[in-house]
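What follows is a set of notes on a single structure, which appears directly below.
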There are 2 protein chains.
Amino acid sequence: MFEVAELGHAVEKTVYKERSAQLRTELLTIQNRLGSYPFPVIVIISGVDGGGKGEVINKLNEWLDPRYMRTIALSNATDEERERPKFWRYWRTLPAKGTIGVYVGSWYSDPIAQRVYQKIDDPALQAELTRINQLEELLTDDDALIIKCWLHLKKDMQVKRLKQLAKNPATSWRVTDKDRQHLGLYDEFIGVAENVLSETSKACAPWLIVEGSDIRYSSLTVGQHILERIRQHIQHYENRLAAADQADETSKSQLEQYNLLDALDLSLKLNKTSYKKQLEKYQGKLNELSRHALEAKRSSILVFEGWDAAGKGGAIRRLTEAMDARHYQVIPIAAPTDEERAHHYLWRFWRHIPRAGQVTIYDRSWYGRVLVERVEGLAKPAQWQRAYSEIVNFEEAMLAHGIVVMKFWLHIDHAEQLARFKRREEISYKQFKITEEDYRNREKWDDYQKAVNEMIARTSTGKSPWLLVEANDKFHARIKVIKAYCECLEKMLDEPNK
Amino acid sequence: MFEVAELGHAVEKTVYKERSAQLRTELLTIQNRLGSYPFPVIVIISGVDGGGKGEVINKLNEWLDPRYMRTIALSNATDEERERPKFWRYWRTLPAKGTIGVYVGSWYSDPIAQRVYQKIDDPALQAELTRINQLEELLTDDDALIIKCWLHLKKDMQVKRLKQLAKNPATSWRVTDKDRQHLGLYDEFIGVAENVLSETSKACAPWLIVEGSDIRYSSLTVGQHILERIRQHIQHYENRLAAADQADETSKSQLEQYNLLDALDLSLKLNKTSYKKQLEKYQGKLNELSRHALEAKRSSILVFEGWDAAGKGGAIRRLTEAMDARHYQVIPIAAPTDEERAHHYLWRFWRHIPRAGQVTIYDRSWYGRVLVERVEGLAKPAQWQRAYSEIVNFEEAMLAHGIVVMKFWLHIDHAEQLARFKRREEISYKQFKITEEDYRNREKWDDYQKAVNEMIARTSTGKSPWLLVEANDKFHARIKVIKAYCECLEKMLDEPNK
């Protein structure tokens with residue numbers, strides 16, 4: 001695989017001077033155009049030690065406009081990062097649309113190093129690569145451009161390069177003991193890299209292997225590659241725009257019509273006395289369990305979806321009353337801010353992933369993608385259709401980190417909703433909750449119902465099922481929610497430690 | 001001071017039920033109105049251990065709409081926080097305009113604890129309190145509402161309360177060894193608290209002392225106080241708006257007219273040969289020095305201001321060429337995002353404060369407040385006039401953390417600017433840098449000049465002076481900048497460790 005990068009490519013100083021001046025002009029021009037396109041450019045510079053990653057990145061910083069690019073240098077995770085799922089540190093640093101982010105130390109660094117040092121085995125590496133492919137596919141599906149460059153060196157060149165670096169007082173500091181240790185592992189490293197590169201070189205995000213023995217050659221090659229990929233991507237985007245103008249949106253969900261919601265028994269009820277008794281019981285239990293979960297540093301993510309006026313807020317409050325306000329956060333999902341709009345739609349949910357032991361309650365969530373955005377036409381069919389697996393993968397990342405994920409759908413019927421709207425209008429501090437839009441949404445009940453059914457069918461997984469809550473009776477609904485969360489925490493705390 | 005809170009205030013259960021229902025309605029109503037006002041509400045709940053801070057906060061969470069409030073529970077600083085100036089963790093958590101943030105564990109916690117445990121002496125405490133007052137004044141000057149509640153307990157009540165908590169299995173976990181240790185220090189704690197409360201009870205942010213022996217009483221009192229303060233603040237804001245409509249903006253800067261910029265010798269020049277020689281010399285030096293600074297974990301903040309086309313970008317690039325892209329970040333300051341607009345104007349600069357050993361270069365900065373915002377009328381006279389001391393305090397917080405702060409003003413004359421605009425229009429990759437607005441700004445040269453002069457006069461301090469750079473000749477300017485930064489780093493690295 002690396003033979004093409006062992007031919008001794010080099011560029012003469014005078015040639016370099018001319019070509020780099022030209023390249024710089026072209027890069028600045030394309031970067032300026034890029035600002036008006038709704039996609040980010042993610043550049044990953046990886047490769048062998050001594051392959052010149054730092055030098056290439058410094059050149060890119062010299063050539064590009066620093067206002068619309070950022071170098072993201074990740075080494076050891078901070079404690080805030082370690083307390084969240086692995087990819088959180090990448091999500092928080094993703095470049096915004098219209099800008100370039102250059103990663104040195106990317107999602108590839110850890111899996112490769114861990115495999116070389118035999119801290120993980122091949123199947124575990126494979127699982128990591130699957131997750132990486134999913135991430136890259138998710139980003140490129142959202143039109144992100146991912147450019148991956150691998151700087152390669154022959155074994156003897158690596159030895160030579162590290163010796164050079166070590167000899168020069170200005171660079172000797174960069175040769176760490178870790179590098180020397182790596183040197184002894186060159187063959188293992190190359191073996192793992194070959195595997196990683198071939199498994200992750202997909203059409204949506206291919207690897208470019210670049211010979212790293214001559215910095216002038218490698219900088220020019222990487223710079224030129226970035227230029228061409230951005231040009232292509234803009235062209236591709238323009239073509240698609242033009243095509244979409246003509247084509248009819250014929251794509252439709254092919255899922256059979258069936259109705260999980262109709263199967264719910266909305267007559268389920270609880271009288272006030274037993275409600276009060278059970279509420280007290282489960283709030284006491286939840287208080288204790290959430291304390292244990294905090295001690296065990298096990299976080300929870302609770303998702304509330306449901307019809308307007310289904311009682312999400314009330315159910316949430318019955319939970320939070322039993323919890324310590326210092327350890328939970330309720331995140332209401334309304335219109336995204338402009339910083340959020342400048343990223344992938346999942347970005348704004350990653351932002352609020354709880355620290356170890358904490359609880360985040362989402363009042364509406366990422367499921368908006370397949371509910372309101374689908375029904376109101378805010379997401380294209382291709383977008384919301386692929387969202388199902390994106391969401392499943394997202395939740396799997398949480399579960400893999402040991403986070404409890406629970407999803408509640410609060411269900412009421414059409415008549416009950418109307419009755420509640422009317423009642424709300426009569427209670428002073430709830431008036432502001434009802435707007436004309438709420439009434440308009442009622443007219444789309446069937447479309448929403450279809451979307452809810454498909455959502456449940458496609459995203460209810462063994463590890464993270466949807467809990468459908470009959471909510472025509474608030475008492476029944478609240479108890480069902482709090483009881484379910486208690487049982488889930490109990491089960492989790494009984495498990496042997498992850 | 002605390003006598004009023006030792007009278008045994010208590011509220012009967014039935015009275016509580018009625019009053020809390022009423023209070024909840026009123027709080028939700030006012031909270032709903034609050035959303036449309038451009039100021040945040042910052043609630044600080046502090047007090048003695050066992051005083052019921054947690055209980056009061058849980059009540060507030062129950063009463064208020066969780067969508068527009070947030071509980072900010074800060075205990076030990078994370079490593080990302082420890083690497084920045086002390087107040088960074090508060091800035092990053094400040095509530096947005098129109099929302100409520102409730103702090104448990106605020107900027108008061110550390111100074112009080114450190115004084116009680118004699119880790120700092122009285123003058124050091126006093127210095128902390130001055131900084132706190134400055135922060136609160138800065139926030140309230142920007143219309144923030146700060147509500148500070150202190151929950152007090154008599155000594156014997158505290159003992160009793162902690163015993164109760166320890167006895168009940170549901171609360172015993174909350175009584176930590178630290179609490180028991182505190183108990184022995186009750187008198188010292190009260191002494192320090194008295195000092196802190198009287199020093200920081202200002203008109204803009206007074207303390208309310210609340211008896212904490214009865215949770216019903218303290219929750220109602222705090223809730224009622226929050227309600228009234230928000231009402232007052234809205235009223236006050238409305239009154240000011242009405243008054244401002246009628247009043248003429250007569251306030252003007254009273255500073256004498258003088259001209260620091262005219263004193264600069266713009267004929268200073270460097271020929272290409274000596275430029276190249278010196279650039280090589282200082283880039284080599286900077287490369288080495290910035291490496292040492294990284295090792296010593298000493299960060300730098302470099303601020304570039306200057307006329308359009310004065311060569312800020314070029315000067316910055318001559319610095320970054322010598323530095324490792326993994327350790328610096330260039331932050332171009334353009335229009336704020338909507339999340340940034342929802343905070344104090346300094347918030348978006350706090351966001352980018354570098355981690356230990358890193359460098360942040362601001363291409364334009366917080367000085368926009370007293371330059372473009374002043375000249376273009378985007379900030380009111382009162383706002384930009386008080387900004388001078390706000391900025392000085394902000395920079396002092398950086399300096400106190402051991403961060404190098406350098407501020408460069410790149411100066412060219414009116415004719416040179418025109419010549420550069422013309423030249424830029426001829427270079428393809430620089431064309432996009434020139435817009436009509438740039439020409440319009442030229443017409444306000446005198447106003448800007450006045451603003452620059454006043455800025456320099458008011459914000460050039462002994463520890464963080466402005467470096468005025470004669471920039472009609474780019475070679476001279478670039479060398480002056482890089483040389484100055486080198487000298488500054490050298491001096492800093494020679495100092496005994498802070």
Side-chain angles (χ1 to χ4, degrees), chain A residues 24-29 32 54 57-58 60-62 65-73 75 78-81 83 102 104-105 169-170 173-174 284 287-288 291 295 313 316-317 320-321 323-332 334 337-340 342 355 361 363 427-432, chain B residues 24-29 32 54 57-58 60-62 65-73 75 78-81 83 102 104-105 169-170 173-174 284 287-288 291 295 313 316-317 320-321 323-332 334 337-340 342 355 361 363 427-432:
Chain A
R24 180 164 183 239
T25 308
E26 293 180 316
L27 279 171
L28 283 171
T29 309
N32 185 38
I57 280 173
N58 283 332
L60 294 178
N61 271 273
E62 202 182 312
D65 186 332
R67 289 179 297 177
Y68 307 110
M69 79 168 289
R70 213 154 38 100
T71 300
I72 302 133
S75 52
T78 67
D79 51 11
E80 296 190 26
E81 290 169 341
E83 292 184 15
V102 181
V104 44
W173 62 283
R174 281 174 42 200
N287 184 277
E288 200 187 329
R291 219 176 327 124
E295 280 161 18
I316 291 172
R317 214 163 47 247
T320 56
E321 278 172 9
M323 292 155 61
D324 191 309
R326 286 170 278 202
H327 307 306
Y328 69 81
Q329 194 120 71
V330 179
I331 307 292
T337 67
D338 57 7
E339 292 185 33
E340 290 170 341
R355 295 190 57 186
I361 299 175
D363 184 353
I427 303 176
S428 63
Y429 67 89
K430 286 190 173 173
Q431 273 169 13
F432 68 90
Chain B
R24 178 160 186 242
T25 307
E26 292 181 317
L27 279 171
L28 283 172
T29 309
N32 185 38
I57 282 174
N58 283 332
L60 293 178
N61 270 273
E62 201 182 312
D65 186 332
R67 290 180 297 176
Y68 307 110
M69 79 166 289
R70 211 154 38 97
T71 300
I72 303 132
S75 52
T78 66
D79 51 12
E80 295 189 27
E81 290 170 341
E83 291 184 15
V102 181
V104 44
W173 62 283
R174 282 173 42 199
N287 183 277
E288 202 188 327
R291 220 177 324 124
E295 280 160 19
I316 290 172
R317 211 162 50 246
T320 56
E321 278 171 9
M323 292 155 62
D324 192 309
R326 286 168 279 201
H327 307 306
Y328 68 81
Q329 195 119 71
V330 179
I331 306 292
T337 66
D338 56 8
E339 292 185 32
E340 290 171 342
R355 296 188 56 185
I361 300 175
D363 183 353
I427 304 176
S428 62
Y429 66 88
K430 286 190 173 171
Q431 276 169 13
F432 68 89

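Every chain is numbered from 1, with letters handed out A, B, ... down the list of sequences.
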Exercise: identify the closest heavy-atom pair between [X] and [Y]:
X        : Y        : answer
A/Glu62  : B/Arg317 : O-CD, 3.4 Å
A/Ala325 : B/Ile57  : CB-CG2, 3.5 Å
A/Gly54  : B/Arg326 : CA-NH2, 3.4 Å

#### Entry: Any B/Glu83 side-chain heavy atom under 4.5 Å of A/Thr78 side chain
no
### Task
Please state whether the side chain, the backbone, both or neither of A/Val104 comes within less than 4.5 Å of a heavy atom of chain B.
side chain
#### Entry: Per-residue contact mode, A/Glu321 against chain B (heavy atom under 4.5 angstrom)
side chain
### Query
How long is the gap from CD on B/Gln329 to CG on A/Asn61, to the nearest 0.5 Å?
9.5 Å
### Message
Using heavy-atom distances under 4.5 Å, tell me whether B/Met323 contacts chain A through its side chain, its backbone, both, or neither.
### Response
backbone
### Query
Most heavy-atom pairs under 4.5 angstrom with chain B, which of A/Glu80, A/Glu340, A/Glu288?
A/Glu80
### Task
Could you have a look at A/Thr337, A/Asp79, A/Thr320 and say which one has the most heavy-atom pairs with chain B under 4.5 angstrom?
A/Asp79
#### Entry: Closest-packed option against chain A by number of heavy-atom pairs under 4.5 Å, given B/Gly284, B/Pro332, B/Gly105
B/Pro332
### Query
Looking at B/Asp338, B/Val330, B/Asp363, which one has more heavy-atom pairs under 4.5 Å with chain A than the rest?
B/Asp338
